[in-house]
2 protein chains.
Amino acid sequence: MSRALNDAPHVSEAVRRKVKEAAAALDYHPNLAAQSLIARRSYLIGLTYERPSPSYVVELQNGALGRLENERYRLVVLPFNHVASRPEELGKLLLRAGLDGVLLAPPACDQPVLLDMIERQRLPYARITPHSDLDRGLVVAMDEVAAGHTVAAHILSLGHRRVGIILGDPSHAASRGRLEGYRQAFQDGAVTIDDSLVGTGDFTYDVGYRVALELLDRPVRPTAILAQNDDMAVAAIAAARDLGLSVPQDLSVAGFDNSEVSRTAWPPLTTVHQPVREMAWDAANRLIAMLDGDTDSDAPRRRDHLHELLVRASTAPPASTG
Amino acid sequence: MSRALNDAPHVSEAVRRKVKEAAAALDYHPNLAAQSLIARRSYLIGLTYERPSPSYVVELQNGALGRLENERYRLVVLPFNHVASRPEELGKLLLRAGLDGVLLAPPACDQPVLLDMIERQRLPYARITPHSDLDRGLVVAMDEVAAGHTVAAHILSLGHRRVGIILGDPSHAASRGRLEGYRQAFQDGAVTIDDSLVGTGDFTYDVGYRVALELLDRPVRPTAILAQNDDMAVAAIAAARDLGLSVPQDLSVAGFDNSEVSRTAWPPLTTVHQPVREMAWDAANRLIAMLDGDTDSDAPRRRDHLHELLVRASTAPPASTG
DNA sequence: GAATCGACGGTAAACGTTGACCGATAAAAC
DNA sequence: GTTTTATCGGTCAACGTTTACCGTCGATTC
């Protein structure tokens, strides 16, 4: 009887205890499929991401799982590459997965086609650090522009004026946001960005290395490099070392993400901490609140988390300011 | 009608086509809970692991997901810390999760209590690199002893005789296996392990750093350090640098895992590649075969994958041999 | 042209749980 | 002692599929 296990009323204590004992003795576990069928819930939450750095993925997962712990919900991981070129495929995958809700990390969270699909099917979703259509769905955001501004301002305040930039994957809106932040900081400092010192990477070490080599091969070498994530920043350090330059004496390098490599690299990277874990927790939290019908309509649909600049040993004033 | 969508016989082409069109028009998706109920299957595969390095987790996941792609099965991640001290809790978690099968990574795969529980409930499972009870369940293994032997033999062949060792978490049987491999290699080379140069870490950077500092503080400093994973090896390099030693001139360092940091570190780490992704793929493959009833009883229950020594720039002959 | 056979479409039971409903029993009030 | 009420335990429909079964219709064969 479901009433006994469910602690429902209209059941005597004696019967309840007996039923529970029997259930324990038989290692009885209620059939989740039947419960799902009647509750019209699968108790599954999806998490989609696209081949970013391992530490980012793990932070995302741990954040979401931290909230799901002690809940009935389980987390299904659904990595998917090249969303930008085939958003409908991901949509189908998500809709077929029988989820109660889905957490969308970049760049999936910025695909209008995808959002249209899952909205049509009324699949609840939360977006983690989206960069477009910020009024759609539940949004957990970090101000990428402000973060970009902070790290660029740090470099400028050290006295650097010839600054190289390694952009991330252009399909990630984060790349544009961070660049916009750089621009504003440069404007504030009355410095102009030298477009010839802006290279495009894709967030990977290998491409970052190549782009860094090109930047350092210029007749007037930059004295600092702003990389849009840590992997590319570490690559820039390696490239500098291979050219006989030492960091931070000959070249300052700043990264982005506060990933594991930023701490284990030498010198440790100056970087920007993104509270990925906290944001994933928050996204899961808000999604669950929606699913469980806690209609706190006073809760804002968007929530901003703060970034943090971590100044470590990879940045210093330029050797000779002249 | 299920027959039309299911491509079953006894359905005319016209009707089948009409049904499929209607289904597509309505964005119809069959209810997975109802299907699960009747099929007595949830089409969920669990993956349990315990707080190892991010790259290891991601490799595990990608391997398993690679096999699950284009299958009905979905992957549920179930990290669980401190299994050794509370295996029954993980057992309950797994049994309540409504899984069709579960992939057990270390150290969960070496908990007899856990295996007992899930066997009693007839939950199929595959174990990835277990170290005890190798005859229980489906086993995907790598010979840790042989791998330890290989890397230790490499260090000895370079001429090192005073070798420091940083062990991993003692609760991981891998730590013991690798150490046993070291021992055999030392024995082969007629070298004795200096127990005062053996420190115990826990696979993390921070503890690895502390242990490395202690080892390098000895009156007779080791000329090489064998770390049982890459994070601790990178920590050892950092510790050496902080003491004014350069790697590999003053100290050789070898790691384990071929993780991302081993490639991005400076100098790049000599390490042992564990085919984690392949093993996870294989484990998922064998688990699915079992679930789908492909009773290839001729398939061995255990399968060994090969390790590979990657010699990079962090190891070299000792500066002065004597 | 009638009978048999095969193919097709419809109907209904089953999966394991929940929750509403109903009858019965015991307790309380008159 | 009888009526009312509250509480408990049991029964049954429902969730959305799948699959077995059955009836019917058309086609083929004698």
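In what follows, chains carry the letters A, B, and so on, assigned in the order in which the sequence lines appear, proteins first and then strands, with residues in each chain numbered from 1.
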Axis bend over the full length of the helix from C:dG1-D:dC30 to C:dC30-D:dG1, computed from five pairs that close each end, to 10 degrees: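 Terminal axis comparison yields 50°.
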Nearest whole angstrom, please: distance from the [atom2] of [N] to the [atom1] of [X].
X: A:His29; N: C:dT17; atom1: NE2; atom2: P; answer: 12 Å
X: A:Tyr43; N: D:dC15; atom1: OH; atom2: C1'; answer: 14 Å
X: A:Arg41; N: D:dA14; atom1: CZ; atom2: P; answer: 22 Å
X: B:Asn31; N: D:dC15; atom1: CG; atom2: P; answer: 12 Å
X: A:Leu37; N: D:dA13; atom1: CG; atom2: C1'; answer: 13 Å

Any chance NE2 of B:His29 has more than 12 other-residue heavy atoms, nucleotides or ligands included, within less than 6.0 Å?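 Yes, because the 6.0 Å sphere around NE2 of B:His29 holds more than 12 heavy atoms from other groups.
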Salt bridge flag under 4.0 Å for residues B:Arg67 and B:Glu71: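 Yes, B:Arg67 and B:Glu71 are salt-bridged.
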Charged N to carboxylate O below 4.0 Å: is that the case for A:Asp100 and A:Arg72?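 A:Arg72 and A:Asp100: not salt-bridged.
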As a test of understanding, state which of B:Arg127, B:Arg176, B:Arg136 forms a salt bridge (charged side-chain N to carboxylate O under 4.0 Å, His left out) with B:Asp110.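 Among the candidates, only B:Arg127 passes.
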Measure from the side-chain heavy atoms of A:Ile38 and tell me the nearest of D:dA14, D:dT17, D:dG16.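 Taking heavy atoms from C-beta onward, the closest nucleotide is D:dA14.
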Determine yes or no for a side-chain-to-main-chain donor-acceptor pair under 3.5 angstrom, with B:Arg286 supplying the side chain and B:Val140 the backbone.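 Side chain of B:Arg286 to backbone of B:Val140, a donor-acceptor pair under 3.5 Å: no, none is there.
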Taking only N and O in the side chain of [X], is any of them less than 4.0 Å away from OP1 or OP2 of [N]?
X: B:Gln35; N: D:dG16; result: no
X: B:Tyr28; N: D:dG16; result: no
X: A:Arg40; N: D:dG16; result: yes

Do you know the tightest heavy-atom contact between B:Tyr73 and B:Asp292?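 Scanning both residues, the minimum pair turns out to be OH-OD1, 2.8 Å.
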